[in-house]
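Here is the structure we will look at, set down as structure tokens.
Just follow the structure's listing: the first ligand is 1, and inside any ligand the first atom is 1. The chain is numbered in sequence order, starting from 1.
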Amino acid sequence: EKGGFEHFMLKEIFEQPRSIADSMRGRVRAEEEHLQLGGLRDYLGQLAASERVVIVGCGTSWHAGLVAEYIFEELARIPVEVEYASEFRYRNPIIKERDVVIAISQSGETADTLAAIELAKSKGATIFGVCNVVGSSIARTAHAGAYTHAGPEIGVASTKAFTAQVTVLTLMALSAAQQKGTISNTVFRQLLAELERIPALVEKVLRDAQKVKEIAYIFTYARNFIYLGRGLNFPVALEGALKLKEISYIHAEGYPAAEMKHGPIALIDEDMPVVVIATKDSSYEKVVSNIQEIKARKGRVIAVVTEGDSHIREMVDFVIEIPNVHEMLMPLISVIPLQLLSYYIAVMRGRNVDQPRNLAKSVTVE
Ligand code: F6R
């Protein structure tokens with residue numbers, strides 16, 4: 001059932017070329033410039049006309065929401081707020097009838113997320129669900145939605161569900177942008193074409209898993225880790241840190257790279273590994289300066305870079321190269337080496353990767 005893999009988590013990491021493709025199947029046909037999410041059809045106008053989108057979720061699903069915030073705001077020009085479901089529901093949130101709430105949940109059963117959308121629904125908001133489990137409570141409570149077609153996720157640490165969520169949310173943002181007219185035909189076409197290439201690019205990253213394993217070996221006994229990224233790679237940094245914490249039990253924190261100088265840089269010394277996502281995008285130069293700040297304090301830097309980047313290679317301790325893709329889609333690629341890094345470190349530490357201590361696959365308690 002693990003398909004020859006040692007753990008479900010590794011199998012699920014390697015399934016991502018397929019689960020991402022499945023989440024686009026029938027929805028995207030780039031050469032015909034076709035994009036349609038069946039489950040949104042009757043509600044697309046409402047999404048495009050909404051004054052505000054509130055995204056709720058927990059854990060990894062909340063991270064997918066943070067990625068979606070950048071994409072929705074950039075492409076569809078709709079203001080987005082991303083909330084932890086557990087915070088949103090307990091503070092008398094301001095919800096108006098023209099608001100759209102998007103609930104993201106792999107299991108579709110997370111108690112806080114379910115309660116958050118019931119609250120928003122009672123105040124008149126329209127609820128969209130982005131769930132992986134068909135017929136789950138959140139999927140049934142939502143007015144409309146789009147399933148992620150990741151297939152069953154058994155490993156407690158979410159991997160393929162995350163990339164499927166980001167894929168579907170990107171399709172939602174693109175649909176809303178097209179409906180609103182906030183995206184040019186050229187960019188729309190380009191993004192659809194790049195989306196279709198994602199499965200092959202993920203495949204390419206997975207072929208370099210051995211390289212990540214070698215780095216994992218070197219850092220197996222680290223006591224702390226810091227993950228940094230900017231823009232769309234900031235939520236990826238949070239996700240990388242969460243993956244490491246939950247399965248290896250190493251303390252890890254994710255930060256927006258520019259926040260370092262406001263406190264966390266005090267933690268940097270020769271014992272602190274820092275994973276920096278430094279792909280060639282609009283914040284590249286800024287991230288390069290952040291790497292210099294860390295190296296000046298003797299931190300050990302593992303940089304995830306765009307292939308062919310020789311500049312960063314000279315500055316850091318280790319590089320992991322990933323293929324280039326449109327900035328809006330980069331999280332789908334840049335998260336892959338971080339999933340692998342946490343997996344290999346946890347295995348080398350002898351952890352129960354698929355069932356880490358204290359965690360459950362679906363959190364139905366509040
Ligand atoms: C992390 C993880 C959890 C879940 C969170 C939400 O790897 O699995 O953080 O993402 O419990 O679960 P869902 O998406 O089922 O609502």
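For ligand 1, the atoms sitting less than 4.0 Å from at least one non-hydrogen atom of Ala157 are 7 (O), numbered in the order shown with element in parentheses. Heavy-atom contacts of Ser61 reach the following atoms of ligand 1: 10 (O), 13 (P), 14 (O) (cutoff under 4.0 Å). Ligand-side atoms of ligand 1 in range of Ser105: 13 (P), 14 (O), 15 (O), 16 (O), range being under 4.0 angstrom from any heavy atom. In summary, the atoms of ligand 1 found under 4.0 Å from a heavy atom of Thr110, numbered by their order in the structure, are 12 (O), 13 (P), 15 (O), 16 (O).
Of the protein's heavy atoms, Val363 CG2, 4.0 Å lies nearest to atom 11 (O) of ligand 1. In terms of protein heavy atoms, atom 5 (C) of ligand 1 is closest to Cys58 O, 3.6 Å. Ranking protein heavy atoms by distance to atom 7 (O) of ligand 1, first place goes to Glu246 OE2, 2.5 Å. Protein heavy atom nearest atom 3 (C) of ligand 1, with residue, atom name and distance: Thr60 N, 4.1 Å.
Residues that satisfy the side-chain hydrogen bond (donor to acceptor under 3.5 Å, both in side chains) test with Arg52, not counting sequence neighbours, are Glu81, Asp99.
Between Lys361 and ligand 1, a contact under 3.5 Å exists for no N or O pair. Geometrically, ligand 1 and Thr113 share no nitrogen or oxygen pair separated by less than 3.5 Å. Note: an N/O pair closer than 3.5 Å links Val156 and ligand 1 by distance alone.
In the hydrophobic clustering of ILVMFWY residues, with side-chain heavy atoms under 4.5 Å counting as a link, Leu206 and Val236 come out together.
Applying the side-chain hydrogen bond (donor to acceptor under 3.5 Å, both in side chains) test to residues at least two apart or on different chains, the pairs with a partner in residues 327-342 are Gln16-Gln339, Asn233-Ser334, Ser282-Glu327.
Glu12 contributes a side-chain N or O that, together with a main-chain N or O of Ile154, makes up a donor-acceptor pair within less than 3.5 Å. Panel note: side chain Glu153, backbone Ala161; a donor-acceptor pair is recorded below 3.5 Å.
Asp281 and Ser283 form a side-chain donor-acceptor contact under 3.5 Å, judged by distance and modelled atom types alone. Using modelled atom types, one finds no donor on one side chain facing an acceptor on the other under 3.5 Å when comparing Ser362 with Glu109.
Below 30°, between 30° and 60°, or above 60°: for His311 and Tyr284 the angle between ring planes is between 30° and 60°, a tilted geometry.
The aromatic ring centres of Phe318 and Phe219 sit less than 6.0 Å apart.
Heavy atoms of Lys243 come nearer than 4.0 angstrom to ligand 1 in at least one pair. Between Thr159 and ligand 1 there is no heavy-atom distance shorter than 4.0 Å. For the pair Ser362 and ligand 1, no heavy-atom separation below 4.0 Å is found.
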